K.L.:
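Can you read through this structure? Questions will come right after.
Along the sequence shown, the residues carry numbers beginning at 1. Please read all numbers here as calculations on a predicted model, not as lab measurements. Both backbone and side-chain heavy atoms feed into the values below; hydrogens, waters and symmetry mates do not. We count ligands from 1, going down the list as the structure has it; atoms in each ligand are counted the same way.
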Amino acid sequence: MSLSFADLHLDQPLTDALAAAGYDSPTPVQLESIPPGLAGHDLMVSAQTGSGKTAAFLLPTLQKLLKRSDQPGKGPRALVLTPTRELAQQVEKNAQLYGKNMPWLRTVTLVGGTSFGQQIRALGRPIDLIVATPGRLMDHMRQGRVDFSRLEVLILDEADRMLDMGFIDDIETIVAATPKERQTLLFSATWDGVVGKLAQKLTQDPQKIDIAREAEQGQIDEQLLYCDDLRHKNRLLDHILRDNSINQAVIFTATKAMTEQLADELYEKGFAANCLHGDMPQVWRNRTLNDLRKGRIKILVATDVAARGIDVPSITHVINYDLPKQAEDYVHRIGRTGRAGRTGLAITFAEVNEYIKVQKIERYLTRKLPETTIEGMEPTRKRSGKQAMRNRRPGQGKGQWQGDRNQRPGKSAGNKHTARNGKPNGARPASAARSNTTKSAPRNSH
Ligand code: AMP
C-alpha cells in the first residue's frame, strides 16, 4: 500500500489542505524529502520541475510555521529564493494552497517588474514567508526593510538556474544576513560545478536526495524531427499545430525577438497565439500567463527563462522550435507538459546540421531522443552518412509521427479557436505585439 501524507507525520491542517487540493499521495520527491525536512535536516535535492518539488520544500516549512515563533520580531520565518518572477508567484500560490487552513499565515512575493508600494507595506507588518527573486530582495535589504533575525528556513529553488543567471553574489549576500542555525533546503537539477560548491558552503551535514530523471518523465513522450532549413521547419510546425490532439502548446524559440515574430505569424494564420519573454513588462507577462491558464491562449511562444514557472496542466504539447542552448534546458522545457500526472508530447526540431547539439542533449539525458519523420515532409538534406545511420533507430522513420495518439474530440490549437471577430481569443494583434516590448528590461528580468 502506498504511503499517505499523514503517514509522513504532516499535521492535519496540511493534510486536509492537500486532500482539498486533490493530492492523493506524495510524489517520490515528497516521500523522500518531507521526513528529513520535518526532522530539521538540511537537504540537497536534485529533482526536476513537475516532480512535485515545491510541496516537498513547502510542506515541512509550513509545518514549522504551524507553531508560534519563540523569537521576537516581525521578520520572515522562512525565505524561498527562485530564479524567476513567475516561479516565485507560483511558489507563493502553492504556499497559500497548502496553508489554506492557517488563516494567520502571511506570505509575500518580492519580485521585480512590480511596484514597491505593496511590498514595502507587507514588509512593515509581521511576515511568515517571503518568496523572492534575489535582485528585488536585495533592493529591499539595501533599504533596511528586511529583518532576518527570526528566520528558521532558507530555501533555494532551482539553485543551478539562479547561478546561471548571475545571482551568485546576491545569494551570498542574502545568506550572510540570515542566522547560522537556520535549516537550509536546496533544490537544483544538478550539483556539478559552482552550484555544488555553493551547496557545501550553505548546508550543514545535508541529506542528499536524488530523484531519477526518468521516473519523472514517464508521462512525456518525445519526438525528434530533423528539418532542412527554416522554411521546412515552418511547414512542419504548421502541420503539427493543425493536429487536433493539441489542447495547448508551448513553443520555445532561442531569442525574444523570435518569440514575437513567430507569435505574430501564428496569430495571422488564425491561431490563438501569444508570446512571453523577459523584456515584456511584468503586468503583460502576468496577463499572458493568466490568458494561458484560462485557455484564451492556445499557443504560447516563449523563451527558456520566461517559461520556467509555467504550471498549466492543460498544456499537451511542447515544441522546441529552436534547440535549447544548454542541455539541461531541454528537461525544463519538456517539463511544461505532462504536469500533474497527465501525458504530454514534446517535439524537438533540429536542422540537419545541428546534430552535434542534439548529441549534447542526448549525452546529458544519457539516452537517445526518438527520431521520427512526417510522411511526405522528410528532410532531403543528409547528415554525414555514418551519423545519420547511428541516429536512426530500427522501426522509426517515414510516417511514424504519432501526433494523434492523445486525440481528444473537439479540441484543437488551430483555427477552431478563432473568435467571432475572426481573431483568436487571448491573442494580440501583430502591431500591439511589437509595441509591447519597446520598454527596456530590468536587470535579470527574463
Ligand atoms: P512542481 O514540481 O512543484 O512544479 O509540481 C508539479 C505539479 O504537480 C503541480 O501542478 C503541483 O500542484 C502538482 N503536485 C504536486 N504534488 C502533488 C501530489 N502529491 N499529487 C498530485 N499533484 C501534485
K.L.:
Have a look at ligand 1 and work out which part of Gln90, if any, has a heavy atom under 4.0 Å from it: side chain, backbone, both or neither.
P.N.:
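It is neither; nothing of Gln90 touches ligand 1.
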
K.L.:
Output yes when Glu222 and Lys368 qualify as a salt bridge under the 4.0 Å nitrogen-oxygen rule, no when they do not.
P.N.:
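Here Glu222 does not pair with Lys368 in a salt bridge, since their nearest N and O are not under 4.0 Å apart.
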
K.L.:
Would Ser25 count as a contact residue for ligand 1, given that I'm defining contact as a non-hydrogen atom of the residue lying under 4.0 Å from a ligand atom?
P.N.:
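So Ser25 counts as touching ligand 1.
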
K.L.:
Count the heavy atoms belonging to other residues, nucleotides or ligands that lie under 6.0 Å from CD of Gln204, then report whether that count exceeds 12.
P.N.:
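No, because the 6.0 Å sphere around CD of Gln204 holds 12 heavy atoms or fewer from other groups.
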
K.L.:
Below 4.0 angstrom from a heavy atom of Ser51, which ligand 1 atoms are there? Numbered from 1 as shown, please.
P.N.:
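So the answer, numbered in order with elements, is 2 (O).
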
K.L.:
So with a 6.0 Å cut-off around NZ of Lys360, is the heavy-atom count from everything else above 12?
P.N.:
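Count not over threshold, so no.
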
K.L.:
When you look for heavy atoms under 4.0 Å from ligand 1, do you find them on the side chain of Thr54, its backbone, both, or neither?
P.N.:
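Under 4.0 Å from ligand 1, Thr54 contributes backbone and side-chain atoms.
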
K.L.:
Asp311 heavy atoms, cut-off 4.0 Å: which ligand 1 atoms fall inside?
P.N.:
9 (C), 10 (O)

K.L.:
What are the atoms of ligand 1, with element, lying closer than 4.0 Å to any heavy atom of Gly52?
P.N.:
1 (P), 2 (O), 3 (O), 5 (O), 15 (C)

K.L.:
Report the C-alpha separation of Tyr364 and Tyr330 in whole Å, then their side-chain angles, then the decisive distance to 0.1 Å, and conclude whether the ring pair (Phe, Tyr, Trp, His ring centres under 6.0 Å) test is met.
P.N.:
CA-CA 10 Å; Tyr364 176 78; Tyr330 177 85; 9.0 Å; no

K.L.:
Is Lys233 close enough and on-axis enough to Tyr321, meaning under 6.0 Å and within 45°, for cation-pi?
P.N.:
yes

K.L.:
Decide, yes or no, whether a salt bridge links Asp329 with Arg161 under the criterion of side-chain N to carboxylate O below 4.0 Å.
P.N.:
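Yes.
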
K.L.:
Is ligand 1 under 4.0 Å from a heavy atom in the side chain of Phe5, in the backbone, in both, or in neither?
P.N.:
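Under 4.0 Å from ligand 1, Phe5 contributes side-chain atoms alone.
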
K.L.:
Could you tell me whether Tyr98 and ligand 1 have an N or O pair separated by under 3.5 Å?
P.N.:
no

